[in-house]
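What follows is a set of notes on a single structure, which appears directly below.
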Amino acid sequence: MNAKKMKEALREALPSVDVVIAYGPGFDPLHAEPCFIKDAGRVDDLILNPLCEHNLAGYLTSQKGRTAVVVKGCDSRTVVQLLQEGLVEREKVHLIGVPCRGVVSAKKVMAAIGHEKVLSAVFEADSLVVTTGSGEKRLPLMEVCPDKCRSCQYPTPLIYDVLVDEPLAADKPPESVYEDVEVLEAASLEERKAYWEKETGRCIRCYACRNACPLCVCQDSCIAETRDPHWMSQKSTVSEKMMFHLIHALHLAGRCTECGECERACPMGIPLAKLKRKINKDLKDLFGYVPGTSPEDRPPLSTFRVDEERIEEHKLP
Amino acid sequence: MPDVGERELRIVGFLCNWCSYGGADTAGVGRFKQPTDLRIIRVPCSGRVDPLFVVKALLSGADGVLVSGCHPRDCHYSDGNFYARRRLEMLKRFLPFIGLDERRFHYTWISASEGQRWQQTVTAFTRQIHELGPLARAEEALSL
Amino acid sequence: MRVGVFICHCGNNIAGTVDVARVAEETRKLPGVVYATDYMYTCSEPGQAEITQAIKREGLNRVVVAACSPRMHEVTFRRTVEKAGLNRYLFEMANIREHCSWIGEDKEANTRKAIEAVRMAVAKAMRDRPLYSSSFAVNKRVLVIGAGVAGMQAALDCAEGGLETVVVEKSPSVGGMMARLDKTFPTIDCSICILGPKMVDLVQHERIRLHAYAEVEEVKGYVGNYQVKIRKKATYVDWTKCTGCGECMEKCPGKNAYDHFNCGVSPTKAINIPFPQAIPKKAKIDPQFCRQFTKGKCGVCAKVCPTKAIDYEMKDEIVTEEVGAIVVATGYGLLDQERLPEYGAGRYPDVITGIQYERLLNASGPTAGHIVRPSDGIEPKTVVFVSCAGSRDKSIGVPYCSNFCCMYIAKQAILTKDHLPDSQSYVFYMDVRATGKGYDEFTRRAQEEYGARYIRGRVSRIYPKGKKMVVRGADTLLGTQVEIEADLVVLATAATAAPGASMLAEKLHISYDTNGFYVESHPKLRPVETNTAGVYLAGAAQGPKDIPASVGQGSAAAAKVLSLLSKDMLESDPAIANVNTAACVGCLKCLKTCPFQAIKEETLRSGKKVASVIETVCAGCGVCTATCPCGAIQLQHFTDNQILAEVNALCRM
Amino acid sequence: MTGKRSYAYYEGCSLEGTAAAYDASVRLVMESLGVGLEEPPDWSCCGSTPAHATDHLLAAALAARNLAIVEGMGSNTLVTPCPSCLSALKKAHGRMAKNRVFKEEVNGLLDTPYQCTVAAKSALQVIYEDIGLEEVARPVTTALAGLRVAPYYGCILNRPPALACFDDPENPVSMDLILKAVGVDVVDFAFKVECCGAAFGVPKAEMVHRLTAKVLDMALDAGANCIAVACPLCQQNLDLRQGQVNAALGTSYHIPVFYFSQIMGLAYGYSPGQLGIDKLIVSADALIGTRGPVEKSSAAAEAGKKEAV
C-alpha cells in the first residue's frame, strides 16, 4: 500500500472537497482509526497500511458536503451499492482507490497474542511482527487477515477517481468465495439450528454490528428498537436475538457487499456476515446478481421478471 | 380424507384478499373437507407479506407457514405477487441455513375460483407439517 | 379499549358445527373485550340493531363480528357500526363460516379454530385506527369493450342515461355473434332484424363514440379515472372516405381470404365488407391475402375506388380515451373443432359447426339461405345434429355446459324442416336443457311438430361412406348402438372463452376462472361486478349465455355504471399507504417497487428527503410496506403492527 | 445419414410364430434403411393380455424385466413391431416412472431392477420419426403400380394418446405417408383405427365377423384393393377370417392384408418369399404381379421428399 501516493492524491483533492476521510494511528501500535481532516496540514498525520481494516465508505451517507474518501477494493463495492441505491451522489464523492492484497484483523492478532498490551507492530515481508511484554511474535498475514481477504475477488477498487498504486489482479479462486457458507450448508439441519442458536445466543444486543454496517440506512428508525412497528420485544431470549439478526440479514438481502464490518464490530465475535453471505449466494444463483459491482444494477428484490427462469413452482407431496 | 389425526399443530396462512382468501371461501362454500390446524391471516396482496412475518411466526410458535397469492400475471395489483415470488423464494432457500426445515414454509398461487386447489393445498401442507411434528423452540433447546 | 364481539349462528350454517356459545364465552376472557354475545342472524335487521344498541349501551369503541367471510358482509357491518357513530374502520370480521363451520364436521376442532379466529380479529381490532376517505372527482365517461348484443345494450343504456360512451369492437363491424345468427329461439325472430336497429342506434347516438376494428392496448388508472390506450388496427382503407359501395370487393382478384364473419363457410375477397348490414359499412383489407401486400403489385381496389379511399401505407393508430368506468362484454369463442378428431370436423366438408350452419340458413349468407352440402352443393335430406360437441367433457378440458346449444339445435332442426320439408333431422343429446321461459315448449315443438328425432346418447365416430357421413352413436334409451347415414352433420361445438380473454383480464386486473371466463365478484349478489372497482361484466364473457341473459346483463352493467357515475365525487378507500416522515430515511426503495407509481419523493421544510404517497393513485397493495426497512411507510388497516398482532395472537410462546 | 442407427429390437411372441413374416419384413426393411437391430439376450414375455388380465403387478414385472435387460445393453430405445408388446412395455414404464411405490414393488420382483430409462417405440414410429420420409424413399427400386392400399392402424398402436404419444389417435397418418413415400397409392380410409374385433375371436365369433366385414367393406368402399397393417392380431384377423366372414355373411371379400413392412420390402426390391408374402392366406400374387423396376430419383423418391417437407 502506497501511503506516499495517497497523501499526494489527498493534497491535490483537498482544495476541492470539504472533508477527507482516511486512516490515522489508533490508541496502540496495532490499531488504525478512521480519521477526518479538513486542512492539508494534517495530511502527514495519516497512515496507510494493512492495519487499515475499516470500511470508510460507511461514513459517506452522513456527509453533507463533498467528501474525499480512501477506499480499498472491498470498500469500493459499498460505494457502488450506495450509488446504485441513490444514497450518495457520485459528484459529491472523490474516491482515492487503494489496491490491496489484504488487511490485518486486529481481533485475530489480539487473540493470537493472548490480548496482551501491544508495544510495537511492524510488517516484515508476508508477516506482522508484534512485540508485547512477553516478547516478540511473528504472525503470517494470511493467518491474521479477516476471512474476506482469503477469498478476495476485488483487490483493486471497482470505482475511483485516483488510483494510488498499480492495479492488482484477483489471485484467489472465485469458487473459494462461499466456502465457509458451503461448509455450514453441508451440516445437518439440527447442527445448523444448534450452530445459530449458540452463536446468536451470545448476542448482547449492543447493535454494534448494525451501527457499523455501511448499508443499514435506517439509522435511528431501526425496527429493532421502535414500537411502531413493534417487531421485537426487549426480552433477552434466543429467538428475539435471532429475530434481530434475521431482520438485519433480510434487510441486506441483495445489498450486502460483504465488507465484514458487522463482524469486525461485534464484541462477541458472532459470524454475522455468514447470514448475509448465504443470501448473496442464493441471489447470485437465482438472479446472477452480485451486490456492489455495477452502479446501474437494481437490487434483485426491488424488481422482478414476469417469467423467472430460475424460480420453479414448489409442489406439495 | 383431510383428517390428519393427532393433536392440532400451529399453522399460519397468509392469504391475499382477492384470490387465495376467496379460494378458501370457495372451498368452504363447496363444503370441501379440510384439516382445521391452519389459521388464516388476510392480507391485501401476497406482495404485502414481508418475509419477516414468516420468520416471526416460525420463531414465535408456528410449526408451519403458508403464503398464497394470485397466480402470476393475475395479481389484483398487477405486480404484487411478482415481488412476493422473489422474496419468498429467497426466504425458502434461506430458512434451512438457520436450521428451519424448508418444508415448514410453502408459498403458492391459488385463484378465487380454485376451491379444490385450496383444499388440496391446505390438506397436503397440514399433512406435511404433521409429518415433521411440532417445531422445537429455541427456548426449549436452551432451557438449562 | 372497549371491544364488542358478535358471534353469528347463521342459522345452522355456523351453529351446526361450531359451539358458538363457547366461542362467546372464551371471547369474554380476552383482554379488551367488554362484551361478547351470539346471535341467530347477525346480518339481519334486528341483528344489526343488536350491534348498534350494544355500541351505545356498552360504550364500545371497537366491534368484531364473527360470521361469514368479510368478502360477503364486511361492507354491510361497516355501515352498521358507522350508523352507531363508530368509524367504519374500527370494525373487524372473523370468518368462522367459510373457513370454520363449513370445512368439516368436527365440532370440537371447528370451535377451537373459531375461537382463535376471533382472538386474532380482536387483536387486530385493538390496533385499528379510524380512517377517513378523501373524495376525488370522477370522469363521467364509460368504456364498453365489445359490441356484441350485451355490449351494445350496455352502451345504449349508458348513453341514454346521459353518459359519454366509448365502444371498442375488435372486428370491423358491431353485432357480434348475434349478427351471424339466422333466427333466434324460442320465437324464430329474424336475428339481424331485431339486432340491426340496435346497431344503427349505436353508431347514430350522439353520446356514443365507436372504435371498430380496434383493441384495448393498455389500461391505467383507477375507478373514476381510467386512461385506456386503444389500438385502431390498420384497415388500409380511409373510412372517412369509404362509402361502403362494395366496388372494390367486386373487382378484387384476391378470392381466397378467410371469411371470419361467415366462419369460413366460403372464402371472401382480400378486401371485404363483412356483411351487407355491417355497421360501420366500410371495407378493410386482409394483408395476408392481398396481392398488393403478398406480391407487391395489384392495386385494383385503389384503381376502382370512386372516393380514392384505399391507402396501402396505413399504419395502426393508438388513441387514448379517459373514462370513469369500464364494461367488459367480449363475448365467447368456439371450441376448435380440430379438438374433436373422432368427428372429423375440418377433415370432412360435410361435418360443420352450428354457427356455420346458421350462415347456411341465413338469407344473406354465402348460400343465400339455401341449405346445401359444402362438399357438392346438393340439398341434404338427412341432417344429424350432435349436441355437447366438446361441452361437458372433462377429457378435452370443457367440463361445463355451453348453455344455449340445446336450444339452437332445436331451432336449427325446425328451420331445416322449414327450408327442406322432406328432410329428416336427428339430434344426439345428453340431456335437453331448456330451462328458459317458453324453452321447453320450443324443444318439444321441434320434436312433435317438426318431427326431429331426438336420440339420447353420445356420438362416438363420424365417418364417410360414399357420399354419406355415417354418424355412429349410442342410444342409451334403447341400449343399442345406432348408425345414421347423414348428408350433413352439424356439431354444437362448445362455447369457450373469447380468444385473448386472459390477456385482456391481465390488462384490466380482473380475474378469470380455469376456463378463461371472467370471474364476477359474487356469484349471487354481485353478478356483473368484478373485484376491480369500476370494471363490470356483461354477457358471455362471464360464462356462456343466451341472448336474453346477455341483454339483461348488459342493462345490469349499465345500471351499475350509471349509479357509480351519478356521483360527482367518489370516496377513496382510506386503507392506503401512509408515510411516517419522522421515521422515513428517504431511501425510496418503496418508490422503486410501487406497482402504481403512487409514491413520489418529497423534501420537507427541514430539507429532509422523504417518500410521500399520492392518495388517489395508491391502490393499497402494501408492496411498499413490505419493502420499507424501517417500517416508515405503513399500509393503513394492514399495518405491520396489526399483522404482527394477529401473528402474536396465534403464536404465543 | 450420419453414422449407423442401432436399436434394441424386441420381437415378442407373435413375431416368432404367426407373424414371422412381419419380423422378417421389418428386419429386411431396417437393413435397407441402414438401421441395426439388436435382440435383447434372454428376452421374455412382454406381459400383455394374458398376463395383465390376471395380475397387473406380474404384467408390469414381465415388461420391466425386458426393459431392464435393454438397460443392461446400454440402450435407451427399444423397438417393437407389435402394438400389444408396445403398449404393455409403455404401460409398465409409464406407471413405474410416475409411481415410486409401484416401481419399488415391481423391482422387488426382479433380479435386475428397472431404472426407467428406456423409451419403447413401434417400428412404425421409428421409421416415421427417427428415420424420416426422405430416407424411407431412398432405397426404393420397385414400382408397385397395382396397389391401392387402405392403411389400417388398429386400436392400440397410437392409443391411448397419453400413453402412446405418437401420431393422431383418431386420424393417424404415419403409415399413409410412409407408403406414399415408397411410391404406393394410398386411399383415404375412414376406419384406420376402427376395432377389428380380434380380441373376441374366440368368445364372440359372429360379432367379430361383423366388425371385420365392416373394415373390409370400408376398404373396398374407399377404392382399395389391399390393406396394410402394423399389428399381428389385425393381420391375422383380417386375413385369416376373410373366408369365415364370407361363409358367415355370404360375402365374397378377397382383399390381401399386408404388413406395411412387407409393402416397403417389395418397393425395396425384396422377393415376396423373403418377405413372407407367399404365406398370406388371401393371396396377393395377382396384385404384386404387376410390379416393375423404377430408375432412381423416380416419382416415388420425389413423393418421399415432398411428404418429408
Side-chain angles (χ1 to χ4, degrees), chain A residues 181 184-185 187-201 223 229 231-233 235 237-243 245-247 249-251 253-254 274-283 285-287 299-308 310-317, chain B residues 47 50-56 58-61 66 71-73 75 78-109 120-129 131-132 135-143:
Chain A
V181 175
L184 188 53
E185 284 175 329
S188 77
L189 196 70
E190 294 64 31
E191 289 166 334
R192 276 178 257 140
K193 194 164 192 286
Y195 176 85
W196 287 113
E197 276 167 5
K198 174 171 155 298
E199 290 297 343
T200 53
I223 60 172
W231 280 90
M232 296 180 50
S233 76
K235 253 195 258 145
T237 63
V238 176
S239 36
E240 287 295 276
K241 295 169 178 179
M242 181 98 78
M243 188 67 202
H245 291 294
L246 295 180
I247 289 173
L250 290 178
H251 280 176
K274 211 178 271 187
L275 288 171
K276 296 121 190 171
R277 284 155 44 68
K278 158 65 179 172
I279 298 177
N280 275 4
K281 178 171 178 281
D282 289 340
L283 292 178
D285 169 45
L286 275 171
F287 311 113
L301 297 189
S302 21
T303 179
F304 64 84
R305 288 212 198 85
V306 172
D307 302 299
E308 300 279 8
R310 304 298 306 278
I311 302 180
E312 275 159 24
E313 198 170 343
H314 300 275
K315 300 253 177 292
L316 287 165
Chain B
D50 187 329
L52 285 168
F53 284 132
V54 180
V55 174
K56 179 74 176 175
L58 287 172
L59 285 184
S60 40
L66 172 70
H71 288 276
R73 293 169 181 277
C75 175
S78 70
D79 298 343
N81 53 1
F82 289 136
Y83 290 106
R85 183 170 55 188
R86 282 193 164 203
R87 294 166 180 186
L88 298 172
E89 179 65 21
M90 179 271 290
L91 181 70
K92 191 152 174 72
R93 290 166 178 240
F94 179 64
L95 289 177
F97 191 69
I98 54 168
L100 288 167
D101 194 315
E102 56 100 19
R103 285 170 297 174
R104 291 191 183 274
F105 165 58
H106 181 65
Y107 73 95
T108 184
W109 322 115
Q120 288 154 0
T121 304
V122 68
T123 307
F125 187 62
T126 308
R127 185 180 297 120
Q128 179 163 297
I129 297 304
E131 279 163 14
L132 293 166
L135 174 56
R137 306 276 152 250
E139 270 46 56
E140 295 161 26
L142 261 205
S143 61

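We use all heavy atoms of the structure for the numbers below, so side chains are in, but hydrogens, waters and symmetry mates are not. Naming convention: chains lettered A, B, ... in sequence-line order (proteins, then strands); numbering from 1 in each chain.
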Rounded to the nearest 0.5 Å, how far apart are [atom1] of [X] and [atom2] of [Y]?
X: A/L316; Y: B/H106; atom1: CG; atom2: NE2; result: 3.5 Å
X: A/F287; Y: B/M90; atom1: CZ; atom2: CE; result: 9.0 Å
X: A/K276; Y: B/F94; atom1: NZ; atom2: CZ; result: 9.5 Å
X: B/Y107; Y: A/H314; atom1: OH; atom2: NE2; result: 3.5 Å
X: A/D285; Y: B/R93; atom1: CG; atom2: CZ; result: 5.0 Å

Exercise. List the steps, then state whether salt bridge (Lys or Arg N to Asp or Glu O under 4.0 Å) holds for B/D101 with A/K193.
Key: CA-CA 10 Å; B/D101 194 315; A/K193 194 164 192 286; over 6 Å; no

Practice problem: Give the minimum heavy-atom separation between A/E240 and B/K56, together with the two atoms involved. | Solution: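 The answer is OE2-NZ, 3.9 Å.
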
Quiz item: If you look at every heavy atom in B/A124 and A/P317, which pair is closest and at what distance?
Solution: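 Nearest heavy atoms, B/A124 then A/P317: CB-O, 3.6 Å.
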
Exercise. Give the member of B/Q120, B/Q128, B/R85, B/K92 that has the highest number of heavy-atom pairs under 4.5 Å with chain A.
Key: B/R85

Exercise. Just give me the residue among B/W109, B/Y83, B/F125, B/F53 that pairs up with chain A most often, heavy atom to heavy atom, under 4.5 Å.
Key: B/Y83

Given that the side chain runs from C-beta out, which part of [X] has a heavy atom under 4.5 Å from chain A: side chain, backbone, both or neither?
X: B/R103; result: neither
X: B/P96; result: both
X: B/R87; result: both

Any heavy-atom pair between the side chains of [Y] and [X] that's under 4.5 Å?
X: B/F97; Y: A/V181; answer: yes
X: B/L52; Y: A/H251; answer: yes
X: B/L59; Y: A/L246; answer: yes

Measure [X] against the heavy atoms of chain B and call it side chain, backbone, both or neither at under 4.5 Å.
X: A/R305; result: both
X: A/K198; result: neither
X: A/E313; result: side chain
X: A/L250; result: side chain
X: A/L283; result: side chain

Quiz item: Who wins among A/E190, A/R310, A/K278 for the most heavy-atom pairs under 4.5 Å with chain B?
Solution: A/K278

Self-check item: Residue pair A/T303, B/R86: steps toward the side-chain contact (heavy atoms from CB on, under 4.5 Å) verdict
Solution: CA-CA 9 Å; A/T303 179; B/R86 282 193 164 203; 3.7 Å; yes

